[in-house]
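Because only heavy atoms are used, hydrogens play no part in the values below, and waters and symmetry mates are left out as well, while side chains stay in. Throughout, protein chains are lettered first and strands after them, A, B, ... in sequence-line order, and every chain is numbered starting at 1. Fair warning: this is a prediction, and the values are worked out from it, not measured in the lab.
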Amino acid sequence: MNKKTFKAEISNCILLKGGRLVDPQTGLNEKADLLIENGTIVKIGKVDEKGVEGRVVDCKGKIIAPGFIDMHVHLREPGEEHKETIESGCNAAMNGGFTGVAPMPNTSPVIDHYNHVTFINKRSEGLLVDVYPIGAITKGQKGEELAEMGEMKEAGAVGFSDDGHPVASGQVMRHAIEYGNMLDVAIINHCEDMSITGEGVMNESFSSTETGFRGISSVSESAMVARDILLAEFSRCPVHIAHVSTKEAVRLIRDAKSRDVKVTAETCPHYLTMTDKAVKTFNTNTKMKPPLRTEEDRLALVEAVADGTIDAIVTDHAPHHADDKDNDYHSAAFGVIGLETAVGVILDRLVHGGHLKLEAMIQCFAVAPRKIFRLPEVKITEGETANITILDMDKKWTVKGADFASLSFNTPFEGWELKGAPAGVVNKGMLYLND
Amino acid sequence: MQLSIRHLLGLDGVSEKDITIILDTADAMKKVLQRPIPKVPTMKGKTVVNLFYENSTRTRISFELAEKRLSADTVNFSTSTSSVKKGETLKDTIKNIEAMRIDFVVMRHGVPGSSHYLANCVDASVINAGDGPHEHPTQALLDMMTIREKRGSLKGLNVCLVGDITHSRVSRSNVYGLLACGAKVGVCGPATLIPYDMQDMGITVYPHIEDALAEADVLNVLRIQLERQKGALFPTLREYRNLFGITEARLAKAHSDITVLHPGPMNRGVEIDSEVADGPQAVILDQVTNGVAVRMAILFLLAGGRSSFEGVDHE
């Protein structure tokens, strides 16, 4: 397939002209020009482009926000470079409006040693997108012995997870959050009780009754969320819940937060906009873990994102080659990509749909992930590092996987007509503009 | 009249009109089967592939016979003797078979939706002979033909499916088909073998067989698979029989004109007792005969035939 190339331009001086600057951290919401020199915001206000020797970008009608991070992606390198590489995944991120990604460690080999973290750092050198490696909680993600989290942190890992698998043992999970708290890193659990999941391939609901598929009940998720919250409460250590998909998990997290338990959580655009009714098409791009749930779950998640119960929106970008998806539903792989649709889907369905304020969306994509990873804040303020996502609120477009920078096109949003899109990103003195 | 569908993937969404066309045509086909030479040249030159990814004796033979009675050329493909064992994907298998130019694929496969997937891959007409626990439309149609034959009409009849509803493709297709034709449908079985929120399909779920028997005009008794015991879904076949088995004593408390079906193969003494299976209310062997007629009707109609079927009758 002929893909167009996706390349950032390097520029010492960038003027973003005429955009609206929105930063929920400072309450900033005003129309102003923004001048960047050598990667730093040097002026906010009125800047005459005649005096600027550099790149001038017309941002009229656009939103300028702190750079978005996708804190849960799978970049498949090392091991499955035919699905995605660190470079192609970062290009997908850049094309999707992200300046940072955090790849999960379930590669081959598993990222469970500082050497592997160093490899990821090396492979992401020179890219516009910041890559924040997540290491494995346990050696080989086997759920038995803790991996060398301290050394991985020193090499640059910002969080730890056995994502793809749950940490099944409650005792191992308890030790993980205690050790993670000592290191001041995020511990992220993929909450799934495999004894409840069994051989399920979709949500257990009326839709699984209709299709005859084995179901994965919501309890598979909520039971382990409850366990992890209780562990966090008991040990007084923070825990982050990955890809929340059920209303019961939302209820548990809301309750925990109201009692000041240190729990944070994320969900994905597909859980916020799709339901398990889509599985009735037998389209294998509706197959992922956790599975698409019911309309009641979807509504609870939208509410939870709007009221802050769920902190972050992530894509769980999971590239698969067509050979792994173009098959019967059982044989097809779990997982969908999302880096290049997340911003458009959330702007269209949630922000334009009236369910989420733009500031709250920016909070979910730019502010919360950095907080959970204990990364420095990124602000739209003079003197700060220029790490910026530009949004086009009104652009109308149709999702077409074949146009993506990602090497894979297993998107559940194929053909969706959206209003709102990423318009570009600025980071590390580099600029990328969507056409 | 012609069918509005090109494939028969399931009965979900199929109209009463289409079902009636199939059942009427099947009645006519049954007359063909009763002739001295039970064969017509209707599908001469047409090729049907019977693609069976799961073992099936009854359904495969029934299809094969129906195809031969219509003079179609048939090819049988079963996974135990095929390239599937060598790791070929479903799509590649299909594409290879289709490259040999065929008109129909009859497929049995273990995964729900596989016949929908197949229909998207090929130009041939697809007939679903069972896709995992999803649908088995020809079985439901032969059940409906048999009930209609015995009771005159499906409208208003109370039909209850008994047994392992969750893992049964027969149950789902029966629910869709019977509801479309105006019957009332119930299901009865251990709580662990009734799928989630099934009442939302517009049916009644009976936790106890006595309640089901009190209301049923027709019982469709499904096969209980021993493997389910290992999944902790019910304790023993013995206890299953005690709680849900259709015994002579239980049947005596039902409507005296109750009709009893079973899609086979039966576990005598488990879900159904021999006294019932071989008794006057059972129509189990009629189902087998009607199965051939229904499959002939479907092949004939999907090949573009009309429900009047006169052309064939006069030959």
### Query
Using a cut-off of under 4.5 Å for heavy-atom pairs, which of A/Ser217, A/Ser205, A/Gly215 has the most such pairs with chain B?
A/Ser205

### Query
How far does OG1 of B/Thr89 sit from CG of A/Asp328, to the nearest 0.5 angstrom?
9.5 Å

### Task
Evaluate the side-chain proximity of A/Asn327 to B/Lys91: yes if any heavy-atom separation is below 4.5 Å, no if none is.
no

### Task
Could you tell me whether the side chain of A/Thr209 and the main chain of B/Tyr196 form a donor-acceptor pair under 3.5 Å?
yes

### Message
Is there a side-chain contact between A/Phe213 and B/Val111 in this structure, where contact means two heavy atoms from C-beta onward sitting under 4.5 Å apart?
### Response
yes

### Query
Between B/Asp12 and chain A, which part of the residue has a heavy atom less than 4.5 Å away: side chain, backbone, both or neither?
side chain

### Task
Kindly give the heavy-atom pair with the smallest separation between A/Gly212 and B/Pro133, and that separation in Å.
O-CG, 3.3 Å

### Message
A side-chain contact here means heavy atoms from C-beta on lying under 4.5 Å apart; do A/Phe206 and B/Met201 qualify?
### Response
yes

### Query
Would one find more than 12 heavy atoms of other residues, nucleotides or ligands at under 6.0 Å from atom NZ of B/Lys184?
no

### Query
Does a side-chain heavy-atom distance below 4.5 Å link A/Thr284 with B/Tyr117?
no

### Message
Nearest 0.5 Å, please: how far is CD in A/Glu210 from CD in B/Glu135?
### Response
10.0 Å

### Task
Please report the shortest heavy-atom distance between B/Arg172 and A/Ser208, naming the atom on each side.
NH2-O, 4.1 Å

### A/Tyr329-B/His116 aromatic ring centre distance below 6.0 Å
no

#### Entry: Neighbour count above 12 (heavy atom, 6.0 Å) for A/His82 NE2
yes

### Query
Is the number of heavy atoms from other residues, nucleotides or ligands within 6.0 Å of CD (B/Gln199) greater than 12?
yes

### Message
Between A/Asp323 and chain B, with a heavy-atom cut-off of 4.5 Å, which part of the residue counts as in contact: side chain, backbone, both or neither?
### Response
neither

### Query
Taking the side chain as C-beta and beyond, is there a heavy-atom pair between B/Ser114 and A/His330 under 4.5 Å?
no

